Chemist: 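Structure in structure tokens, see below.
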Amino acid sequence: MVQPEGSVARIKAALDDVLGWPEMVRSPQLAHFLRYIVEAKLEGREAAIKAYSIAVDVFGRPADFDPQADPIVRVQARRLRALLEQYYQDGRVPHGVRIELPVGRYVPRFELTDADEVIPEVISTAETPAVPQVATLPSRRFGSGLLIGAFFASALASLAYLFWGQPLPPGLDMPPPRKPVVTVVDFQNLAGEEGKSVVGDVALALVSDLDRFDDIDVAYGSADPKGADPAGPESYVLSGVMRVVDGAVEYGAILTRARDQSVQWSYAVSRPLSEATRPRAVDEVSRGIALVLGSPRGPLHRSARQWLSTHPNFSAVATPYLCRIAFEAYRDTADPDDAQSARRCFASLPAEEQMTPASLATNATLAMDTAVPAKVAEEAVAAGRLSDAAVTAAPINSFVWEQTGRVDEMAGDLAKARVAYASAVQLNPASANAIAALGRLLSLGPDWQQGADLADTAIRKTPNPPSWYFAAPALNALRDGDYLQARRYGETLAQSDRTLGAVVVVAAALQSGDTAIVSRYLPQVLDHQPFRANGILPELRRRLSDTSLLTALATGLERAGVPPKALTGPY
């Protein structure tokens with residue numbers, strides 16, 4: 001039954017209202033899912049709304065996706081169904097249209113409530129299919145040839161590591177680590193009658209949250225994702241319990257290694273029963289667990305980091321996962337040698353694996369980080385092309401957007417960097433690195449209080465936070481006049497951000513009465529080549545947009561003995 005154009009217009013308007021609802025905006029994958037199935041039905045493509053097409057087109061699964069082994073579409077459909085029910089529960093029906101997702105199906109149902117009319121049939125209004133879009137995310141353009149190449153490269157990148165089980169190259173005493181595989185099993189519900197009002201399923205929420213990390217393979221139940229060996233060294237099982245004790249709901253999670261059942265990590269959190277019955281309470285619990293498990297410094301990547309620390313010459317056995325961990329190790333240290341190791345690793349990958357979105361984005365960041373001052377502008381153009389290509393190929397990948405933000409920030413485009421970092425957090429609210437990166441950027445400008453909250457979350461809820469997470473605490477302590485704390489945080493920051501960290505230390509140390517610290521860090525500030533070429537304050541303005549903070553830094557530096565000429569111009 002073909003519906004009149006007026007009905008179609010109302011459905012589209014109703015869809016826009018649902019997508020603009022704050023709860024839906026906070027769930028961009030579900031928004032993408034909803035837009036995809038609604039537009040497919042409106043365009044007469046109802047027969048194409050299948051688990052396979054949704055998994056590939058919406059959730060970025062490879063062409064060899066198996067719906068029986070990977071429950072991502074079923075899991076997300078349940079969440080979308082629950083979110084739509086929450087949207088309509090207060091009786092609102094904008095434009096007189098209610099969008100429903102029937103149980104057991106992925107084809108949406110439209111109910112015109114004011115005319116008591118249901119639209120069950122295919123509605124044909126377009127001659128050509130619409131391209132799926134990501135709600136609320138900015139777009140970037142790049143050549144279609146590279147996009148097609150990156151699509152096939154993504155599928156190739158998921159193949160098993162070829163060297164596994166074969167003789168190792170000289171100098172290696174053990175095989176390199178593989179990407180970790182996590183099977184999430186249902187949490188045991190020991191809450192009894194009191195717990196019946198608790199909304200949501202922790203295991204399903206965890207599958208959804210962990211699936212946003214592209215350096216982890218995740219499955220629900222006893223599924224064996226992507227043909228991984230369940231007894232392999234990087235296979236894990238995540239289980240847990242939920243119970244009610246003294247009016248509070250307690251959630252406990254435990255991560256065990258599959259091959260020997262050894263406990264690798266455990267987690268416990270308690271929520272008052274009144275809070276645990278809120279619609280998004282389980283999502284918050286899941287996110288807290290995912291913040292740790294998804295962290296590059298978390299228990300899932302511990303064996304890979306240890307392997308890299310004892311095998312410095314690893315490029316002969318390079319894999320995308322190994323290169324990713326090497327890159328994350330470099331981010332924590334900012335050591336030029338670690339940067340070169342990561343670059344050599346990516347350069348050793350097969351050509352198709354160098355063209356995956358994650359590889360393109362990572363190489364863009366490395367290019368900017370290792371650029372000599374005289375070639376920063378040139379590298380910024382090249383890195384921008386790489387990050388644009390990565391975003392075009394993977395527009396809902398949080399890691400890709402985070403690296404894009406880093407490139408924009410280093411190129412001095414703070415507005416674009418903020419949008420990119422915010423997109424990374426929106427796409428993966430459990431990514432501590434994305435949260436910390438946005439918090440750091442905001443701490444450099446007038447929205448520093450918001451940045452402080454984000455930085456605090458990243459520092460408190462992730463294991464072994466790296467030194468670059470401490471930019472916001474260092475700068476905010478300086479703003480508050482707590483010079484002792486600013487110096488301490490500044491010294492931590494200087495381990496990875498030697499420029500900004502040293503400036504904070506010098507500006508705060510004299511105020512806190514520690515002249516020895518000034519003598520140690522002042523040469524580091526004065527010898528910084530960009531400062532010498534452009535002046536300290538002009539160079540800092542490329543990163544800092546808070547004028548009051550710049551004034552505080554300038555005052556502290558001048559008191560520490562920095563010549564006024566060095567503050568304002570070349571020296």
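Since the model is a prediction, treat every value here as computed from it, not as a measurement.
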Chemist: Test Tyr321 against His301 for ring-ring contact (aromatic ring centres under 6.0 Å, His included), laying out the working first.
Modeler: CA-CA 10 Å; Tyr321 174 67; His301 303 296; 5.7 Å; yes

Chemist: Is it true that Glu328 and Arg331 have a side-chain N and a carboxylate O under 4.0 angstrom from each other?
Modeler: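 Here Glu328 pairs with Arg331 in a salt bridge, since their nearest N and O are under 4.0 Å apart.
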
Chemist: Tell me, do Arg212 and Pro429 make a side-chain contact under 4.5 Å, heavy atoms counted?
Modeler: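 Yes, close enough: below the 4.5 Å cut-off.
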
Chemist: Before you tell me yes or no, could you show the steps for Asn428 and Phe213 under side-chain contact (heavy atoms from CB on, under 4.5 Å), namely the whole-Å CA-CA distance, both residues' side-chain angles and the distance that decides it to 0.1 Å?
Modeler: CA-CA 8 Å; Asn428 188 358; Phe213 294 94; 3.3 Å; yes

Chemist: Quick one: does Ser496's side chain have a donor or acceptor within less than 3.5 Å of a partner on Trp468's backbone?
Modeler: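 Indeed, once roles are kept as given, a pair shorter than 3.5 Å links the two residues.
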
Chemist: If you take all heavy atoms of Ser431 and Glu402, which pair is closest and at what distance?
Modeler: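 That would be OG-OE1, 4.3 Å.
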
Chemist: State, with a plain yes or no, whether a side-chain heavy atom of Arg79 is found less than 4.5 Å away from one of Ser208.
Modeler: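 Contact flag for Arg79/Ser208 side chains = yes.
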
Chemist: Where the side chain of Lys179 meets the backbone of Asp214, is there a donor-acceptor pair that is under 3.5 Å apart?
Modeler: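 Between the backbone of Asp214 and the side chain of Lys179 there is a qualifying donor-acceptor contact (under 3.5 Å).
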
Chemist: Checking Arg81 side chain against Leu101 main chain: does a donor-acceptor pair fall under 3.5 Å?
Modeler: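 At least one qualifying donor-acceptor pair exists.
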
Chemist: Quick one: pull up CG in Asp482 and CZ in Arg488 and give me the separation to the nearest 0.5 Å.
Modeler: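 Between atom CG of Asp482 and atom CZ of Arg488 there are 8.5 Å.
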
Chemist: Are the side chain of Ser53 and the backbone of Lys50 linked by a donor-acceptor contact shorter than 3.5 Å?
Modeler: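 Checking the backbone N and O of Lys50 against the side chain of Ser53, a donor-acceptor pair under 3.5 Å is found.
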
Chemist: Check the pair Tyr52, Asp57 against side-chain contact (heavy atoms from CB on, under 4.5 Å), reporting the backbone distance first and the verdict last.
Modeler: CA-CA 9 Å; Tyr52 176 84; Asp57 295 340; over 6 Å; no

Chemist: Taking side chain as C-beta onward, heavy atoms only, is Leu80 less than 4.5 Å from Leu34?
Modeler: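 Answer yes - side chains close enough.
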
Chemist: Would you call Arg105-Glu100 a salt bridge at under 4.0 Å N-O?
Modeler: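 Salt bridge between Arg105 and Glu100, a charged N being under 4.0 Å from a carboxylate O: no.
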
Chemist: Looking at Phe399, I'd like to know if the NZ or CZ of Arg324 sits under 6.0 Å from its six-membered ring centre while staying within 45 degrees of the ring's axis.
Modeler: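 Arg324 over Phe399 ring: yes.
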
Chemist: Is the cationic atom of Lys41 (NZ for Lys, CZ for Arg) positioned less than 6.0 Å from the six-membered ring centroid of Phe110 and within 45 degrees of its normal?
Modeler: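 Pair Lys41/Phe110 counts as cation-pi.
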
Chemist: When you measure from the side chain of Thr457 to the backbone of Asp453, do you find a donor-acceptor pair of N or O atoms at a distance under 3.5 Å?
Modeler: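 Here the side-chain-to-backbone pair exists.
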
Chemist: Rounded to the nearest 0.5 Å, what's the gap from CZ on Arg302 to CD on Glu234? Could you check?
Modeler: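 One finds 13.0 Å between CZ of Arg302 and CD of Glu234.
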
Chemist: For Ser262 and Gln264, test the side chains for any donor-to-acceptor distance below 3.5 angstrom and give the result as yes or no.
Modeler: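 Checked: Ser262/Gln264 side chains pair up, N/O donor to acceptor below 3.5 Å.
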
Chemist: Mind listing the closest non-hydrogen atom pair of Ile289 and Ala253 along with its distance?
Modeler: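 Reported closest heavy-atom pair: CD1-CB, 3.9 Å.
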
Chemist: Supply the atom-to-atom distance Tyr87 OH to Arg98 CZ, rounded to the nearest 0.5 angstrom.
Modeler: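 That separation rounds to 10.5 Å.
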
Chemist: Is the shortest side-chain heavy-atom distance between Gln403 and Val407 below 4.5 Å?
Modeler: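 Heavy-atom side-chain distance check fails, nothing below 4.5 Å.
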
Chemist: Determine whether the side chains of Tyr220 and Asp186 contain a donor N or O and an acceptor N or O closer than 3.5 Å.
Modeler: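 There is such a pair (donor and acceptor under 3.5 Å, judged by atom type) between the side chains of Tyr220 and Asp186.
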
Chemist: Whether the side chain of Gln188 engages the backbone of Met242 through a donor-acceptor N/O pair (distance < 3.5 Å, no angle test) should be reported.
Modeler: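 Pair absent, no side-chain N/O of Gln188 close to backbone of Met242.
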
Chemist: Checking Tyr421 against Arg440: is there a side-chain donor and acceptor pair closer than 3.5 Å?
Modeler: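 The answer is yes; a qualifying pair exists.
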
Chemist: Do you know the tightest heavy-atom contact between Leu293 and Leu300?
Modeler: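 Heavy atoms only, the tightest pair is O-CD1, 3.4 Å.
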
Chemist: Tell me, with the steps shown, if Asn397 and Trp401 meet side-chain contact (heavy atoms from CB on, under 4.5 Å).
Modeler: CA-CA 7 Å; Asn397 186 301; Trp401 277 105; 5.7 Å; no

Chemist: I need the minimum non-hydrogen distance between Ala219 and Val207, along with the two atoms involved.
Modeler: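 Closest approach of Ala219 to Val207, heavy atoms only: O-CG2, 4.1 Å.
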
Chemist: How far apart are the C-alpha atoms of Ile54 and Ile49, what are their side-chain angles, what is the distance that settles it, and do they pass the side-chain contact (heavy atoms from CB on, under 4.5 Å) test?
Modeler: CA-CA 7 Å; Ile54 295 170; Ile49 305 177; 4.1 Å; yes

Chemist: Is there a donor-acceptor pair under 3.5 Å between the side chain of Asp447 and the backbone N or O of Gln450?
Modeler: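 Judged by distance alone, no pair lies under 3.5 Å.
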
Chemist: Counting only N and O atoms by type, is there a donor-acceptor contact under 3.5 Å from the side chain of Ser286 to the main-chain atoms of Val282?
Modeler: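 Checking the backbone N and O of Val282 against the side chain of Ser286, no donor-acceptor pair under 3.5 Å is found.
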
Chemist: Does the ring center of Tyr267 lie less than 6.0 Å from the ring center of Tyr251?
Modeler: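 No, the ring centres sit 6.0 Å or more apart.
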
Chemist: About how many Å separate CD of Glu39 and CD1 of Ile11, when rounded to the nearest 0.5 Å?
Modeler: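 CD of Glu39 is found 12.0 Å from CD1 of Ile11.
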
Chemist: With the side chain counted from C-beta on, respond yes when Leu204 and Arg78 share a heavy-atom pair under 4.5 Å apart, and no when they do not.
Modeler: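 In short, these two side chains touch, coming nearer than 4.5 Å.
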
Chemist: Tyr236 versus Thr183: any side-chain heavy-atom pair under 4.5 Å?
Modeler: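 They are not in contact (no side-chain heavy atoms under 4.5 Å apart), so the answer is no.
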
Chemist: Please say whether more than 12 non-hydrogen atoms of neighbouring residues, nucleotides or ligands are located less than 6.0 Å from CG in Asp246.
Modeler: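 Open: at most 12 neighbouring heavy atoms sit under 6.0 Å from CG of Asp246.
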
Chemist: To the nearest 0.5 Å, what is the distance between CZ (Arg45) and CD1 (Ile37)?
Modeler: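 CD1 of Ile37 is found 12.0 Å from CZ of Arg45.
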
Chemist: Decide, yes or no, whether a salt bridge links Arg305 with Asp332 under the criterion of side-chain N to carboxylate O below 4.0 Å.
Modeler: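 Asp332 and Arg305: salt-bridged.
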
Chemist: Where the side chain of Thr462 meets the backbone of Ala458, is there a donor-acceptor pair that is under 3.5 Å apart?
Modeler: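 Yes, Thr462 side chain to Ala458 backbone: donor-acceptor pair under 3.5 Å.
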
Chemist: If you measure only the distance, is there a donor-acceptor pair under 3.5 Å linking the side chains of Asn433 and Arg406?
Modeler: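 No, no side-chain donor-acceptor contact under 3.5 Å.
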
Chemist: Indicate the atoms forming the closest heavy-atom contact of Pro465 with Ile459, along with that distance.
Modeler: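 Looking at all heavy atoms of both residues, the shortest contact is CG-O, 3.7 Å.
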
Chemist: What distance separates Asn476 CG from Ser443 OG, expressed to the nearest 0.5 Å?
Modeler: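 Separation between the atoms: 6.0 Å.
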
Chemist: Hey, is Glu250 close enough to Arg243 for a salt bridge, meaning N to O under 4.0 Å?
Modeler: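 Arg243 and Glu250: salt-bridged.
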
Chemist: Less than 4.5 Å apart, side chain to side chain, heavy atoms only: is that true for Gln76 and Asp211?
Modeler: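 The answer is no; the side chains never approach within 4.5 Å.
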
Chemist: Could you check if a side-chain atom of Arg418 sits within less than 4.5 angstrom of a side-chain atom of Leu442, using non-hydrogen atoms only?
Modeler: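 Contact flag for Arg418/Leu442 side chains = yes.
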
Chemist: So, for Ala434 and Ala424, which heavy atoms are closest and what is the spacing to 0.1 Å?
Modeler: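 Distance-wise, the nearest heavy atoms are CB-CB, 3.9 Å.
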
Chemist: Has the side chain of Tyr88 got a donor or acceptor atom that lies under 3.5 Å from a matching backbone atom of Ile99?
Modeler: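 Yes, Tyr88 side chain to Ile99 backbone: donor-acceptor pair under 3.5 Å.
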
